Amino acid sequence: MPNDPDHGGEAPCWAHLVGDLDEHPAPLRIAATNTILYTDRWSELVDFYRTRVGLRTSMERDWFIEFELHPGVHLSVADAHRASIASGDGAGLTLSWCVEDAVAVRDRLVANEIEASTIHRRWGSPGFFVFDPAGNRIEFWSEQP
């Protein structure tokens, strides 16, 4: 199906919505998750996620901040100058977030002066991309038709 837009080369970010095809239970159960972005642009990223995107701060230190995306799901920003891990500068990373209404979220982000791609439909769902100041790609999508 090479010409079918719903069957592109990238794995769908919502592939987890497909039933588990493996009949064996997973040996590891994750209770919570935190994605940590190490960056040389700490102040810019903190402002981007807190002020422009509107994420809620759940913990803050002088060089590390944690945002709660959903109970048990966090995104943190760490100042790479103060950490033992170098800045990733957005290499090889996409944050994929399911939101209630991708079109409304896009409108709000654009109003907050965040450059966003046009709405695309992949696997029947609307979505779009933005990039944070460090170059990390964020995909917003919704399950609505």
Side-chain angles (χ1 to χ4, degrees), residues 4-22 25-145:
D4 184 348
D6 284 346
H7 294 87
E10 292 184 46
C13 61
W14 44 90
H16 67 280
L17 298 176
V18 176
D20 185 1
L21 301 177
D22 185 356
L28 179 63
R29 301 215 184 263
I30 308 295
T33 185
N34 185 13
T35 299
I36 304 171
L37 304 175
Y38 293 89
T39 182
D40 294 328
R41 302 174 76 171
W42 189 80
S43 295
E44 290 175 75
L45 257 62
V46 169
D47 178 65
F48 177 84
Y49 287 107
R50 179 177 18 218
T51 306
R52 296 174 64 203
V53 175
L55 299 182
R56 187 182 74 78
T57 303
S58 57
M59 188 270 291
E60 186 170 357
R61 300 293 183 265
D62 61 336
W63 62 276
F64 188 94
I65 188 165
E66 180 179 272
F67 299 101
E68 184 178 56
L69 305 176
H70 194 269
V73 180
H74 296 87
L75 174 71
S76 293
V77 178
D79 185 345
H81 297 111
R82 309 259 318 262
S84 60
I85 296 178
S87 175
D89 295 324
L93 176 71
T94 296
L95 301 170
S96 182
W97 297 339
C98 180
V99 295
E100 188 173 325
D101 183 345
V103 174
V105 168
R106 184 187 182 283
D107 291 344
R108 184 170 65 87
L109 295 178
V110 168
N112 285 339
E113 300 180 358
I114 296 175
E115 187 175 327
S117 72
T118 58
I119 295 288
H120 62 266
R121 294 191 77 75
R122 186 169 296 151
W123 289 278
S125 296
F128 67 95
F129 298 103
V130 302
F131 288 87
D132 71 18
N136 299 299
R137 183 171 81 162
I138 309 163
E139 177 183 38
F140 292 88
W141 63 277
S142 54
E143 295 175 341
Q144 65 187 5

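Worth knowing before you read on, the calculation uses all heavy atoms, side chains too, and leaves out hydrogens, waters and symmetry mates. As the structure is a prediction and not an experimental result, all values here were calculated from the model.
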Trainee: Salt bridge (Lys or Arg N to Asp or Glu O under 4.0 Å): which pairs involve residues 71-80, sequence neighbours left out?
Mentor: none

Trainee: Counting only N and O atoms by type, is there a donor-acceptor contact under 3.5 Å from the side chain of S76 to the main-chain atoms of I36?
Mentor: no

Trainee: Nearest heavy-atom pair of S87 and A80: which atoms, and what distance?
Mentor: N-CB, 3.6 Å

Trainee: Using modelled atom types and a 3.5 Å cut-off, is there a donor and acceptor pairing between side-chain atoms of S117 and backbone atoms of F129?
Mentor: yes

Trainee: What pairs with F128 under ring pair (Phe, Tyr, Trp, His ring centres under 6.0 Å), at least two apart in sequence or on another chain?
Mentor: F140

Trainee: Please report the interatomic distance CZ(F64) to CE(M59), rounded to the nearest 0.5 Å.
Mentor: 5.0 Å

Trainee: With rounding to the nearest 0.5 angstrom, report the CD1 to CD1 distance, I114 to I138.
Mentor: 7.5 Å

Trainee: Measuring only between side-chain heavy atoms, which start at C-beta, is R52 closer than 4.5 Å to D47?
Mentor: yes

Trainee: Taking side-chain hydrogen bond (donor to acceptor under 3.5 Å, both in side chains) as the definition, give me every residue that meets it alongside T94, ordered by chain and number, with sequence neighbours left out.
Mentor: R137

Trainee: Do any pairs count as a side-chain hydrogen bond (donor to acceptor under 3.5 Å, both in side chains) and have a residue in residues 98-107, sequence neighbours left out, and if so which ones?
Mentor: D101-Q144

Trainee: Pick out which of L45, L95, V53 makes a side chain to side chain contact (heavy atoms under 4.5 Å, CB included) with D132.
Mentor: L45

Trainee: Check whether any side-chain N or O of W42 sits under 3.5 Å from a backbone N or O of W63 as a donor-acceptor pair, and report yes or no.
Mentor: yes

Trainee: Report all side-chain donor-acceptor pairs from residues 66-74 shorter than 3.5 Å, counting only partners two or more places apart or in another chain.
Mentor:
unit_1 : atom_1 : unit_2 : atom_2 : d
E66    : OE1    : N34    : ND2    : 3.4
E66    : OE2    : S58    : OG     : 3.0
E68    : OE1    : R56    : NH2    : 2.4

Trainee: Is any side-chain heavy atom of Y49 closer than 4.5 Å to one of I65?
Mentor: no

Trainee: How far does CZ of F48 sit from OG1 of T39, to the nearest 0.5 angstrom?
Mentor: 12.0 Å

Trainee: Can you list every pair that meets salt bridge (Lys or Arg N to Asp or Glu O under 4.0 Å) and has a residue in residues 85-94, with sequence neighbours left out?
Mentor: none

Trainee: Are the side chains of R82 and R61 in touch, meaning some heavy atoms are under 4.5 Å apart?
Mentor: no

Trainee: Rounded to the nearest 0.5 Å, what's the gap from OG on S43 to CG on D40? Could you check?
Mentor: 11.5 Å

